[in-house]
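We name chains A, B, ... by the order of the sequence lines, and we start the count at 1 in each one.
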Amino acid sequence: MNIIEINKTPPTLDNEMISGRLSLTLKDLSVAVADVDGVVVEDDVDVVAVELADCVVVDVAVVAVEDAGTVVALVGAVVVVLVAVVVVGTTVVEENNKPEDIKRLNDNNDLKAEKKIKIDEDSAPAAKMSFSVSSDSMQFMTLCETLEAIENTTKRLVINDILTNFFIKLINESQKDLLPSVYLSLNQIAPTFEGIELGIGETVLVKAVSAVTGRSISAIRNDVKELGDLGKVAQSSKSSQKMMYTPKSLSIHTVFKTFRDIALITGKDSVTKKVDKIRSLLVACQGCEVKYLIRILEGKLRIGLAERSILTSLGTAFIKAKNPKASPEEIDEGVETLKSVFNEIPSYDQIIPALFDYGVNKLSEHCHMTPGIPLKPMLAHPTKSLTEVLDRFEGKPFTCEYKYDGERAQVHRLADGSIKIFSRNSEDMTDKYPDIMEHIPEIITDGAQSFVIDAEVVAFDRLKNSILPFQVLSTRKRKDVNTANIQVQVSLYAFDLLFLNGKSLLTTTFRERRDLLHQNFRVVEGKFAFAKYMDAQTTEDIQYFLDDSVKENCEGLMVKTLVEESSYEPSKRSRNWLKVKKDYVSGIGDSVDLVVIGAYHGKGKRVGNYGGFLLACYDDQNEEYQTICKIGTGFSDSDLGEHTTFLNNHIIPGPKSYYSYADNAKPDVWFDAVQVWEIKAADLSISPVYRAGVGLVDSSKGISLRFPRFIRIRNDKSPENATTSSQIANLYQMQAVINNNSKNDDDLE
DNA sequence: CGTGTCTGCCC
DNA sequence: ATTCTGC
DNA sequence: GCAGAATGGGCAGACACG
């Protein structure tokens, strides 16, 4: 038996483990396979086959080989180790997998029970590659095993323990891997405000998985429908291949660095280049690494772990690493410190080095709110009624503000006078709003130097002096915006002041912050205003104010305490504000009755059920069903199961002739029009893809719903009695009329 | 160079 | 964005 | 009630493709 042994400078991914690449023709590969066959395979293996697509680009590692002359002969002095393309026997994954195949893969990911597979890591000499792995960076597998352990529980305390132990291990053994590990666990590669993006989505990942496994894109797509997770699909596809040798294990550092490299790739052929990078990682992945690599790239780990848990574990780990006997109180305090610091500076790039240097307890001395770095914005809790609001705020003094329908903006002015503007999710929007930057000198009074204000950017019609809908704002350019040529003008509606002249105001009361805001800024029509507010107490007053807010094109109200628990500290209670949306008051707040005509296979926790549905209204003029929106929220888990069971009895092979839909908005499965659902939505919009009321409001575009959610089944209604296209068109026009009326009101006042 | 698809990010 | 669910 | 994970419409920007 020949044993391929890799020795001497084993290729490492750190210096590009994939050290070269050869284009091999099909013929070359047959030769290679034949030769490999001779080397590795004995009588216990049926076939060695190669999955290939016409000409295959083979990732190669340059190695030295003992006693493998035939292989050496193949390409002369350079020996090709076929990593990804050589698969064994009947495990070659066929195109157009039969369901049984999928089931088999599902039932037994590693295929050890598969009778015909004789080569595995225990029995195949070639798989026992013995090169020493000496790397400074911790193995990616260690991270993946941690993620796997977390995925196997739903208990948050257990999750916290597992992650804490992993972080402690890193702190003790491999400090430089902590930051990359935190990023990988979060599916991030940099702080959001740095604007570095992978530019990788499901489509590209499917391509990469296809390239590595040799399976067709449609086969992979079909498996995703069944397994509900591309990571799982990739893992089961890949585990059915047996590699000629075990590739050098991936390090956390390598994976993270490759991700950053991917993010930097732009321009022509960038997608291909990105796929290549992902492929080289996938080739080196083993076991569950495949699943998590894919999921991290997808941005959905789906293991019950996100930012808050990571912060908890990170804080706990640093405290325990220093003092293993720390009391629960000490740990709690440290975790609170870390969370609060993180909310002021949401940048692990800054916090993790500071944790190493100063520890948790002194962290806030070194990391604190800084103009130029976005802080996490306060969010609001949705409430269903004004009584609910009064219940929550009881006797505390509170205030109501208009909730403007625009884009959240945190406007920073640094000590040097420069301006930065951040989005709700801490993206840097400075380049999108050069006009706001120019307005700053006009809107500040003499006292304001450095500051951070919290505000809403709203599209504004300067001729009519009125607010424009969100859909108008969304058409605004985002890059290379030139002040001289702005199509969508905006006005800023400020509602909070978080920092002023070198001083943080986070812990002061809202009443004080609001006073300071009004003292230091001034209204300039069409450019800057304060969010309209009323310090009301009675339900009646609030009801009137809510009605007014809607008449003036707002979404409803924000309700905030003025004194007690009114500090701006998202860490303590991330949703200490309340919002009351107009849905409960007017407009489309009443719901709409729509027909289910299609569905989409669920992913993640919805696997096995439909995860979303395609809805239509009824056009009684043309006697057809016109698509209006998809729906994916509002149903309980049991609702979903019942919908799936019921609708599976009404599947049709293709759309009815009387279904009107766009080609790029087709469901996975079509249904007969048999059931009507009550759907609630916030607004109606002109849609590029949906067909409801086409020709009634816009000659070529239909109407859709904003924020649709399922309310209940309407068994009392037949599909022909669903909401009609003309009713939808009327609702749209009423919405527009309300807007116009409010403008007139303003003009009259 | 125009159109379609994909992605990320607003809500 | 909205909504549901285990802890 | 938190934290997480399902899912919605629709836009600009970046590429791919013909």
Side-chain angles (χ1 to χ4, degrees), chain A residues 153-160 192 195 197-207 228 265-272 274 298-312 379 381-382 392 404-409 423-427 429 432 456-457 469-481 488 555 572-576 579 581 583 600 602-607 609-615 628-640 663-665 679-690 701 703-711:
Chain A
T153 180
T154 55
K155 296 186 170 59
R156 283 214 295 258
L157 295 176
V158 175
I159 289 176
N160 182 28
T192 47
E197 301 305 330
L198 280 170
I200 296 292
E202 169 122 12
T203 308
V204 174
L205 287 172
V206 168
K207 270 191 195 173
I265 300 172
T266 58
K268 190 174 177 315
D269 295 333
S270 57
V271 173
T272 313
K274 288 180 182 192
E298 258 188 312
K300 284 180 180 179
L301 222 34
R302 294 206 251 247
I303 59 174
L305 175 76
E307 189 125 89
R308 311 297 295 186
S309 304
I310 286 181
L311 283 169
T312 301
L379 302 174
H381 185 89
R392 290 207 183 212
Y404 294 86
D405 191 7
E407 184 174 21
R408 188 86 173 257
S423 76
R424 172 195 150 120
N425 293 313
S426 303
E427 299 284 335
M429 302 194 292
K432 183 177 176 182
E456 191 83 3
V457 187
F470 176 78
Q471 212 175 0
V472 173
L473 179 69
S474 69
T475 65
R476 199 177 143 118
K477 290 261 176 288
R478 291 164 196 171
K479 295 192 168 176
D480 300 321
V481 177
V488 179
E555 290 186 294
K572 288 196 176 162
R573 269 201 215 150
S574 59
R575 293 170 192 274
N576 219 6
K579 59 180 167 187
K581 298 198 58 166
D583 303 30
Y600 306 83
K603 295 188 178 180
K605 67 184 182 184
R606 294 205 178 159
V607 67
N609 285 325
Y610 294 120
F613 303 85
L614 181 62
L615 301 178
I628 182 166
C629 68
K630 291 194 283 184
I631 190 90
T633 191
F635 8 70
S636 65
D637 291 355
S638 64
D639 283 343
L640 262 188
D663 272 345
N664 55 0
I679 303 296
K680 200 157 173 174
D683 277 309
L684 297 106
S685 55
I686 295 292
S687 170
V689 292
Y690 295 107
K701 291 180 176 177
I703 294 167
S704 188
L705 304 180
R706 189 183 190 196
F707 310 145
R709 57 262 198 196
F710 172 83
I711 302 298

- Query: Is a salt bridge present between K581(A) and D405(A), judged by a nitrogen-to-oxygen distance below 4.0 Å?
  - Reply: no
- Does R478(A) have a side-chain nitrogen or oxygen under 4.0 Å from the phosphate oxygens OP1 or OP2 of dG8(B)? no
- Message: Restricting to non-hydrogen atoms, name the atom on Y690(A) and the atom on I628(A) that form the minimum distance, rounded to 0.1 Å.
- Response: CG-O, 3.3 Å
- Between CG of D683(A) and C1' of dC11(B) the distance, given in whole Å, is 11 Å
- Query: Side chains of E407(A) and K432(A): closer than 4.5 Å at any heavy-atom pair?
  - Reply: yes
- Would you mind reading off the distance between K630(A) atom NZ and dT2(C) atom P, rounded to a whole angstrom? 18 Å
- Query: What is the nucleic acid contact for K605(A), judged by heavy atoms within less than 4.0 Å: base, sugar-phosphate only, or nothing?
  - Reply: base
- Give one of base, sugar-phosphate or nothing for Y600(A), where a contact means two heavy atoms less than 4.0 Å apart. nothing
- Is F635(A) touching bases, backbone alone, or none of the nucleic acid, heavy atoms closer than 4.0 Å? sugar-phosphate
- Task: Measure from NZ on K300(A) to P on dT7(B) and round the result to the nearest Å.
- Result: 12 Å
- Query: When the nearest nucleotide of DNA chain B is assigned to E298(A) and to N664(A) on a heavy-atom basis, which residue is associated with the more 5' position?
  - Reply: N664(A)
- Query: DNA chain D: T633(A) or K701(A), which has the more 5' nearest nucleotide?
  - Reply: T633(A)
- Extract, from 5' to 3' on DNA chain D, the first and final nucleotides lying under 4.0 angstrom from some heavy atom of chain A. dG1(D) to dA16(D)
- Query: Contact class for I686(A) vs. all strands (heavy atom < 4.0 Å): base, sugar-phosphate, or nothing?
  - Reply: sugar-phosphate
- In whole angstroms, the gap separating P of dC6(B) from CG of L205(A) amounts to 13 Å
- Query: Can you tell me how far P of dC10(B) sits from CZ of R408(A), to the nearest Å?
  - Reply: 13 Å
- Query: For the pair made of CG in L379(A) and P in dA1(C), what is the distance, rounded to whole Å?
  - Reply: 8 Å
- Item | N/O (side chain, K579(A)) to phosphate O (OP1/OP2, dT2(C)) under 4.0 Å | yes
- Task: Write down the atom of T475(A), the atom of V488(A), and the distance for their closest heavy-atom approach.
- Result: OG1-CG2, 3.6 Å
- Nearest-nucleotide check on DNA chain D, R706(A) vs R302(A); residue mapping nearer the 5' end is R302(A)
- Note: for I200(A) and E555(A) on DNA chain B, the residue whose nearest nucleotide lies more 5' is I200(A)
- Query: Have R573(A) and H381(A) got a donor and an acceptor in their side chains that come within less than 3.5 Å?
  - Reply: no
- Item | d(CZ, F707(A); P, dT2(C)) in whole Å | 6 Å
- Item | Touch class at under 4.0 angstrom, heavy-atom based, for R575(A) against every strand present | nothing
- Candidate list I310(A), L305(A), T312(A), test side chain to side chain contact (heavy atoms under 4.5 Å, CB included), partner N160(A), passing option: T312(A)
- Indicate, with a heavy-atom threshold strictly under 4.0 Å, whether L305(A) touches base, sugar-phosphate, or nothing. sugar-phosphate
- Out of dC10(B), dG8(B), dT5(C), whichever nucleotide has its closest atom nearest the side chain of E197(A): dG8(B)
- Presence of K581(A) side-chain N/O under 4.0 Å of dT2(C) phosphate oxygens OP1/OP2: yes
Donor-acceptor contacts, no H, no angles, side chain residues 200-207 of chain A, under 3.5 Å, sequence neighbours left out:
from, atom 1, to, atom 2, distance (Å)
E202(A), OE1, K603(A), NZ, 2.9
E202(A), OE2, K603(A), NZ, 3.4

- For E427(A) and dG8(B), what is the distance between atoms CD and C1' respectively, to the nearest whole Å? 8 Å
- Message: Under 4.0 Å, heavy atoms only, any strand: does R156(A) hit a base, just the sugar-phosphate, or nothing?
- Response: base
- Would you indicate what I303(A) reaches in the nucleic acid, counting non-hydrogen atoms under 4.0 angstrom: base, sugar-phosphate, or nothing? sugar-phosphate
- Item | Pair Y610(A) and F635(A), ring centroids less than 6.0 Å apart | no
- Task: For salt bridge (Lys or Arg N to Asp or Glu O under 4.0 Å), just list the numbers for K274(A) and D269(A), CA-CA rounded to whole Å, side-chain angles, deciding distance to a tenth of an Å, and then say yes or no.
- Result: CA-CA 9 Å; K274(A) 288 180 182 192; D269(A) 295 333; over 6 Å; no
